[in-house]
Amino acid sequence: MSPVSRRLLARVRDVMAGAGTAQQQLDEIVLIIAADMVAEVCSVYVMRAGEVLELFGTKGLNASAVHNTRLRVGEGLIGLIAAQSRPFALADAQAHPDFVFRPETGEELYQSLMGVPILRGGRVVGVIAVQNRVRRNYTEEEVEILQTVAMVLAELVGGGDLISRDELMPADGNALLPLRLEGITLNPGLGVGVAVLHEPQFHISQMVAEDVDYEHERLRNAVSEMHGALDDMMEHSDLAGAGEHREILESYRMIAEDAGWFGRIDEAISSGLTAEAAVQKVHNDIRARMNQITDPYLRERVHDLEDLGTRLLQHLVGANGRNGAMPDDETVKNADCVILIARNMGPAQLLDYDRSKLGGLVLEEGSATAHVSIVARALDIPVVGQARGVLDMIETGEPVIVDGTNAQVFVRPGEEVRQRFKNSARVRAERKASYAQLRDLESVTRDGVRINLNINAGLLIDLPHLHDMGADGVGLYRTEVPFMVRSDFPGVDDQRNIYAKVYEQTDGKPVVFRTLDVGGDKILPYWDAQDEENPAMGWRAIRISFDRPMLLRQQLRALIQAACGRDLSVMFPMIAEVPEFDQARALLDLELKREKEHGSAMPSSISAGVMLEVPSLLFQLPALLSRVDFISVGSNDLYQFLFAADRGNSRLSERYDMLSPPVMSLLQDVVNRCNEAQVPLSLCGEMAASPLDAMALIGIGFRNISMQPNAIGPVKAMIRSMEVGPLSQYMDSLSNLSQHSLRGNLRAFAMDHGITV
Ligand code: PEP
Ligand code: MG
């Protein structure tokens with residue numbers, strides 16, 4: 001960057017290092033910035049308690065407005081910059097819909113505005129803005145310069161001299177009272193322990209470079225140290241074996257080599273920052289951009305980059321500059337069980353902690369497909385995500401409970417609550433042990449009806465559960481999941497290796513491979529995602545496969561090769577009409593023929609089926625049944641399409657019920673027709689995991705269901721306590737009721753008949 005910004009930075013630094021109160025320094029700095037950036041106005045707003053931005057210093061606006069003009073976050077352009085945590089450069093600011101006019105400032109004179117957030121530790125602590133009287137198109141370089149200055153100013157604004165540091169902490173709730181927070185389940189389970197805030201903050205004492213070449217060299221050294229340390233960690237982590245978590249770490253390691261990222265840090269050094277300040281700046285930019293990225297997979301990449309930024313800072317600043325809780329802190333050393341609290345985390349950061357002490361993880365952000373969630377699942381650590389504001393409500397060392405199963409977090413729980421949870425944890429452990437005892441017992445009802453219990457899987461780490469739980473097979477292997485954790489499209493060889501491992505690990509038990517179901521909410525990071533108004537009903541699953549037939553053909557080829565002498569069951573998702581099945585089947589036949597011609601070892605048997613998840617298929621059953629080898633009801637999608645209720649919208653999740661009389665009658669009809677046609681039928685949506693719903697499905701004739709692995713125990717216990725005969729009769733009698741749901745009736749029936757739901 002230009003020497004202009006370097007000169008500006010040096011002057012700002014000199015003021016900050018010089019005499020005078022923080023307020024006097026700020027007053028001087030706004031003058032310097034305004035002059036340097038050729039702006040009539042330069043103002044600094046500081047975030048005060050209650051999310052209010054107060055004008056603290058200005059050159060150009062009325063001096064009487066200082067400490068009087070206050071804007072809420074989100075109010076006016078300044079409030080918007082803080083709310084969205086990103087820069088704005090507006091040639092005609094007054095035309096912007098968010099512009100609010102504050103007469104006391106006299107800003108009606110100024111047409112253009114450029115403002116950037118002042119960020120400290122990832123939080124907005126203020127806003128700095130320049131304004132010009134005439135229309136001015138600020139350049140990207142000018143925005144960059146202001147951001148760099150904001151970075152240096154963050155020390156002054158957030159350092160505790162301008163306003164008390166306490167005030168910079170959003171005051172949510174009374175710090176001493178117990179709190180209960182809700183989030184989303186990222187991994188079930190219960191953890192009771194002490195909180196450790198994973199909020200690595202580094203004190204960067206020198207922001208402005210004395211010797212730019214030296215700073216470039218420091219960066220290079222730190223990067224190579226970091227690479228060495230990462231290699232070391234990967235080699236020695238608990239997860240060193242094969243599997244997707246390994247690939248996650250590898251893709252993370254690849255990001256660590258990303259030239260673009262280093263290029264940006266180098267550039268920031270060239271603009272006059274020290275190496276650590278440059279890393280911090282790129283870090284801030286990434287966070288700011290983060291708010292605008294809605295694609296969850298891209299967001300994941302960004303988290304990985306953030307994680308790496310922190311790591312790099314560790315190497316640059318060393319342990320002395322660190323003032324946040326890190327893995328070797330005293331609290332971690334002294335605690336038996338640590339619950340990590342973080343805004344978000346990369347997968348490697350989780351592995352930095354001592355596994356034997358990790359009792360849970362609470363994230364302010366986070367999603368089920370986040371890499372850290374996948375790794376946490378592999379380590380069996382309960383995780384609650386989207387616990388908004390949690391970092392501001394808890395301190396390291398305070399007691400905390402993570403109830404991953406019910407998506408709640410208890411901060412500073414009282415003794416009674418802690419006791420209850422300890423009891424509950426004990427009961428859970430006992431119940432788990434009792435399910436383990438069921439492992440080798442038959443899944444058969446009291447009146448002798450055998451029910452096939454299968455697991456749904458998507459990662460290799462799910463597969464050991466097949467044997468631990470004593471399940472019959474894999475009823476749904478979601479092939480898109482391994483695609484989602486990679487940084488690139490896996491080719492035929494890669495895919496064949498994955499599927500071959502699935503075969504190895506299922507060890508002779510049947511497995512149904514579902515072809516790629518991407519699109520909708522399952523976006524691949526390397527896939528050119530389209531903006532769609534209704535992605536669940538959009539270009540997804542088999543629809544993509546038909547438009548990009550090589551995708552499906554390569555996948556089928558890999559499956560055929562992996563099966564090699566074993567049974568191959570392929571299931572096509574989102575089939576909406578019979579000709580689509582024919583088309584998919586034709587591609588399978590084409591690949592079978594090709595492999596045969598190549599002399600490959602062929603599967604010992606082939607079966608091709610469909611997911612029944614689009615309602616239109618319900619009206620084509622006779623034609624469908626004459627073609628398919630099996631059907632599996634995808635109740636998750638079927639629910640959303642039958643009731644026109646987005647399956648991912650928590651406001652709707654309990655509005656309608658699959659256990660309603662019409663849906664039960666409809667499923668009963670599917671069972672009857674499949675029985676007549678002798679086509680095997682199963683159900684692999686979430687409802688199979690609930691013992692009561694599973695009981696209802698068995699009551700109407702399902703004999704094969706597939707569910708998440710940890711539901712096998714409770715469902716098997718239910719099966720072993722029920723009789724099919726009386727239940728079927730009872731359900732027949734309910735079929736004509738016109739009520740919202742049969743759930744109440746069925747629960748009462750279960751209680752009366754001693755069925756453990
Ligand atoms: C379903 O839709 O019920 C299903 C099992 O598939 P997925 O959840 O992967 O869409
Ligand atoms: Mg589905």
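Whatever order the structure lists them in is the order used to number ligands and atoms, beginning at 1. Index from 1, following the sequence. Atoms considered below: every heavy atom in the structure, side chains included; atoms not considered: hydrogens, waters and symmetry mates.
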Does the pair [X]/[Y] count as a salt bridge with the N-to-O cut at 4.0 Å?
{"X": "Arg540", "Y": "Asp517", "value": "yes"}
{"X": "Arg343", "Y": "Glu364", "value": "no"}
{"X": "Arg585", "Y": "Asp582", "value": "no"}

Quick one: closest heavy-atom pair of Ile542 and Ala584, and the distance?
CD1-CB, 4.2 Å

Tell me yes or no: between the side chains of [X] and [Y], is some donor less than 3.5 Å from an acceptor?
{"X": "Gln640", "Y": "Asp637", "answer": "yes"}
{"X": "Ser741", "Y": "Asp657", "answer": "yes"}
{"X": "Ser735", "Y": "Ser665", "answer": "no"}

Just give me the atom name: the N, O or S atom of Asp637 closest to the Mg ion (ligand 2).
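Of the nitrogen, oxygen and sulfur atoms in Asp637, the Mg ion (ligand 2) lies nearest to OD2.
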
With the Mg ion (ligand 2) as the reference point, give the N/O/S atom of Glu613 that is nearest.
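In Glu613, the heteroatom (N, O or S) nearest the Mg ion (ligand 2) is OE1.
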
Which of the numbered atoms in ligand 1 are below 4.0 angstrom from a heavy atom of [X]?
{"X": "Leu476", "answer": "5 (C)"}
{"X": "Glu613", "answer": "1 (C), 2 (O)"}
{"X": "Cys684", "answer": "5 (C)"}
{"X": "Gly685", "answer": "3 (O)"}
{"X": "Asp637", "answer": "1 (C), 2 (O), 3 (O), 10 (O)"}

Examine the proximity of ligand 1 to Val633 and report which part, side chain or backbone, both or neither, has a heavy atom under 4.0 Å away.
neither

Ligand 1 contact on Glu686 by region, counting heavy-atom pairs under 4.0 Å:
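Answer for Glu686: neither.
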
What do you reckon, does Glu480 have a nitrogen or oxygen under 3.5 Å from a nitrogen or oxygen of ligand 1?
no

Using the ring centroid of each side chain, check whether Tyr503 and Tyr477 are separated by less than 6.0 Å.
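Ring centroids of Tyr503 and Tyr477 are no less than 6.0 Å from each other.
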
Under 4.0 angstrom from ligand 1, any heavy atom of Arg514?
yes

